[in-house]
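Here's the structure we're looking at; comments come further down.
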Number of protein chains: 2
Amino acid sequence: MSMMTLRLDAFLPYRLSVASNAVSTRISASYRRRFGLKVPEWRLLAILAEGSEMTPQALGNAARIDKISVSRAAAALIERGLIVARANPGDGRSHLLALTTDGRGLYAEIAPIALAMEAELLGNFSQEERDQFNALLRRIEAAAGTDSA
Amino acid sequence: MSMMTLRLDAFLPYRLSVASNAVSTRISASYRRRFGLKVPEWRLLAILAEGSEMTPQALGNAARIDKISVSRAAAALIERGLIVARANPGDGRSHLLALTTDGRGLYAEIAPIALAMEAELLGNFSQEERDQFNALLRRIEAAAGTDSA
DNA sequence: TATTGTTATACTCTATAACTATA
DNA sequence: TATAGTTATAGAGTATAACAATA
């Protein structure tokens with residue numbers, strides 16, 4: 001009877017969870033403290049700043065947020081006047097969300113800070129390591145998304 | 001006035017969070033469904049299986065779990081008869097936790113499944129990529145743990 | 001009927017704070 | 001006084017289900 005032993009320390013889901021938690025605890029505290037934003041709210045701002053107006057569904061796909069969280073985050077941002085909704089001419093069930101001037105202003109304030117935090121976390125990563133890390137994360141994500149279990 | 005734009009898609013904290021969430025959603029659902037274990041409970045079993053009896057504090061350090069979660073997870077495991085507590089001869093405030101025979105049995109059942117899930121997630125990773133990924137995660141974790149912000 | 005979006009509800013994980021018992 | 005551990009409480013994130021409006 002051989003005792004199978006797993007080293008938690010080298011177990012990937014554990015390492016990934018610990019690293020992700022350490023990073024997001026630190027970063028989300030900064031968003032909240034400095035800007036009163038929750039993570040899903042910040043993600044919506046970032047996606048909207050990249051392009052033009054979008055439906056909640058498209059936003060959720062782009063930011064990897066389920067429709068319930070999109071709905072709540074959008075409501076909070078609308079209430080603060082950071083985004084606006086207008087009717088979707090193509091589909092009456094939906095609407096189009098876009099940044100306001102205030103929203104663009106807040107985003108312009110946050111983006112450099114977010115990049116600085118990222119740079120701090122990746123302080124000693126070479127560009128190659130950074131690209132590699134990103135690629136590995138995408139592969140993991142794709143494998144986890146597969147419905148084979 | 002240059003508009004600073006950040007690509008959320010390439011923003012590391014975002015990628016890390018998405019990958020970690022995809023992995024842990026999938027794996028934790030398996031622990032819960034098949035074994036009735038929450039993640040902190042599984043971690044305590046894994047750490048105790050690696051060595052001998054430990055205090056809650058030592059367990060928390062080894063499994064990266066705060067003392068409140070250790071306390072709750074340990075209580076759940078004790079109630080199920082998977083671990084036992086005995087007085088700590090060196091410190092009356094504390095106690096020593098160890099796996100029971102049942103606990104060892106359950107661990108022996110889970111460990112191969114956990115390793116299989118990990119292998120599935122890392123299916124197309126070479127050993128070198130795997131080691132590199134682990135090392136990068138540790139560096140990120142260390143950088144995030146630093147109290148410079 | 002199916003889909004978009006909202007609301008209600010619940011669960012996991014984490015964090016803060018107050019408490020106890022020992023040191 | 002300080003520390004180990006427990007309990008209470010609250011918040012963020014995510015998930016399921018039921019619902020309203022429109023397709």
Side-chain angles (χ1 to χ4, degrees), chain A residues 13-14 16-18 20-33 35-44 54-61 63-79 83 85-97 144-145, chain B residues 13-14 16-33 36-44 54-61 63-79 83 85-97 144-145:
Chain A
Y14 168 74
L16 188 56
S17 169
V18 168
S20 174
N21 185 55
V23 167
S24 72
T25 294
R26 184 155 173 186
I27 295 208
S28 69
S30 176
Y31 293 157
R32 200 167 46 248
R33 177 169 50 84
F35 304 105
L37 289 176
K38 297 176 184 176
V39 169
E41 292 165 19
W42 148 250
R43 287 191 191 172
L44 295 197
M54 298 174 81
T55 63
Q57 187 176 52
L59 267 176
N61 291 338
R64 294 293 205 142
I65 299 173
D66 68 287
K67 66 179 183 174
I68 300 134
S69 297
V70 170
S71 183
R72 286 193 187 127
L77 294 173
I78 288 170
E79 176 154 26
I83 67 175
R86 74 175 181 96
N88 181 350
D91 189 331
R93 295 170 300 186
S94 177
H95 43 261
L96 294 169
L97 299 168
Chain B
Y14 169 74
L16 188 57
S17 169
V18 168
S20 173
N21 185 54
V23 168
S24 72
T25 293
R26 183 155 174 186
I27 295 206
S28 69
S30 177
Y31 294 156
R32 199 167 47 247
R33 177 169 49 84
L37 289 175
K38 296 176 184 176
V39 170
E41 293 165 18
W42 148 251
R43 287 191 191 172
L44 294 197
M54 299 174 81
T55 63
Q57 187 176 53
L59 267 176
N61 291 338
R64 294 294 205 142
I65 300 173
D66 68 287
K67 65 179 184 174
I68 301 134
S69 298
V70 170
S71 183
R72 287 194 186 126
L77 294 173
I78 288 171
E79 176 154 24
I83 67 175
R86 73 175 181 96
N88 181 350
D91 189 333
R93 296 169 300 184
S94 177
H95 44 261
L96 294 170
L97 299 168

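Everything quoted here is computed from the prediction, not taken from an experiment. So that the names make sense, note that chain A is the first sequence line, chain B the second, and so on, each numbered from 1.
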Without hydrogens or angle criteria, can the side chains of A:Ser69 and A:Arg43 be said to hold a donor-acceptor pair below 3.5 Å?
->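 No donor-acceptor contact under 3.5 Å links the two side chains.
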
Looking only at heavy atoms, which two atoms of B:Glu41 and B:Leu77 are closest? And how far apart?
->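 Nearest heavy atoms, B:Glu41 then B:Leu77: O-CD1, 3.8 Å.
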
Specify the closest pair of heavy atoms between A:Ala74 and A:Leu97, including all atoms of both residues, with the distance to one decimal.
->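 Result for this residue pair: CB-CD1, 4.0 Å.
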
For [X] and [N], give me the distance from atom [atom1] to atom [atom2], rounded to whole Å.
X: B:Tyr31; N: C:dT12; atom1: OH; atom2: P; result: 16 Å
X: B:Leu97; N: D:dG5; atom1: CG; atom2: P; result: 8 Å
X: B:Leu59; N: D:dA4; atom1: CG; atom2: C1'; result: 13 Å
X: A:Asn21; N: D:dA12; atom1: CG; atom2: P; result: 15 Å
X: B:Arg33; N: C:dC11; atom1: CZ; atom2: P; result: 18 Å
X: A:Arg64; N: D:dG13; atom1: CZ; atom2: P; result: 17 Å
X: B:Lys38; N: D:dA15; atom1: NZ; atom2: C1'; result: 15 Å
X: B:Arg32; N: C:dA10; atom1: CZ; atom2: P; result: 16 Å

With sequence neighbours excluded, tell me which residues meet ring-ring contact (aromatic ring centres under 6.0 Å, His included) with A:Tyr31.
->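 Checked A:Tyr31 against ring-ring contact (aromatic ring centres under 6.0 Å, His included); matches are A:Trp42.
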
Find every protein N or O atom lying less than 3.5 Å from an N or O atom of nucleotides 5-9 of chain C, and list the pairs.
from	atom 1	to	atom 2	distance (Å)
C:dG5	OP1	A:Ser94	OG	2.4
C:dG5	OP2	A:Gln57	N	3.1
C:dG5	N7	A:Lys67	NZ	3.0
C:dG5	O6	A:Lys67	NZ	3.4
C:dT6	OP2	A:Ser71	OG	2.6
C:dT6	O5'	A:Ser71	OG	3.0
C:dT9	O4	A:Arg72	NH2	3.0

Listed partners of B:Ser24 passing side chain to side chain donor-acceptor pair (under 3.5 Å), at least two apart =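 B:Ser24 satisfies side chain to side chain donor-acceptor pair (under 3.5 Å) with no residue once adjacent residues are dropped.
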
Looking at every strand, decide which applies to A:Thr25 at a 4.0 Å heavy-atom threshold: base, sugar-phosphate, or nothing.
->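 Sugar-phosphate, no base atom in range.
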
From the list C:dC13, C:dT4, C:dA23, which nucleotide is the closest neighbour of the side chain of B:Asp91?
->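 Looking only at side-chain atoms, B:Asp91 lies closest to C:dA23.
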
To the nearest 0.5 Å, what is the distance between CG (B:Leu44) and CZ (B:Arg72)?
->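 Spacing of CG (B:Leu44) from CZ (B:Arg72) equals 13.5 Å.
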
Output yes when a side-chain donor or acceptor of B:Thr25 lies under 3.5 Å from a complementary backbone atom of B:Asn21, and no otherwise.
->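 Yes, because the side chain of B:Thr25 sits within donor-acceptor range (under 3.5 Å) of the backbone of B:Asn21.
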
List the atom pairs, donor and acceptor, that lie under 3.5 Å between side-chain atoms in residues 87-96 of chain A and the rest of the protein, sequence neighbours left out.
from	atom 1	to	atom 2	distance (Å)
A:Asn88	OD1	A:Gly90	N	2.9
A:Asp91	OD1	A:Arg93	N	2.9
A:Asp91	OD1	A:Arg93	NE	3.1
A:Asp91	OD2	A:Arg93	NH2	2.9

Could I get the full list of salt bridge (Lys or Arg N to Asp or Glu O under 4.0 Å) partners for B:Asp66, not counting sequence neighbours?
->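 B:Asp66: no salt bridge (Lys or Arg N to Asp or Glu O under 4.0 Å) contacts found.
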
Earlier contact from the 5' end, DNA chain D, for A:Gly90 and A:Asp66 =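 Its nearest nucleotide lies further toward 5', so the answer is A:Asp66.
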
Kindly calculate the angle separating the two end axes of the helix from C:dT1-D:dA23 to C:dA23-D:dT1, each obtained from five base pairs, and round it to 10 degrees.
->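 Result, rounded to 10 degrees: 10°.
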
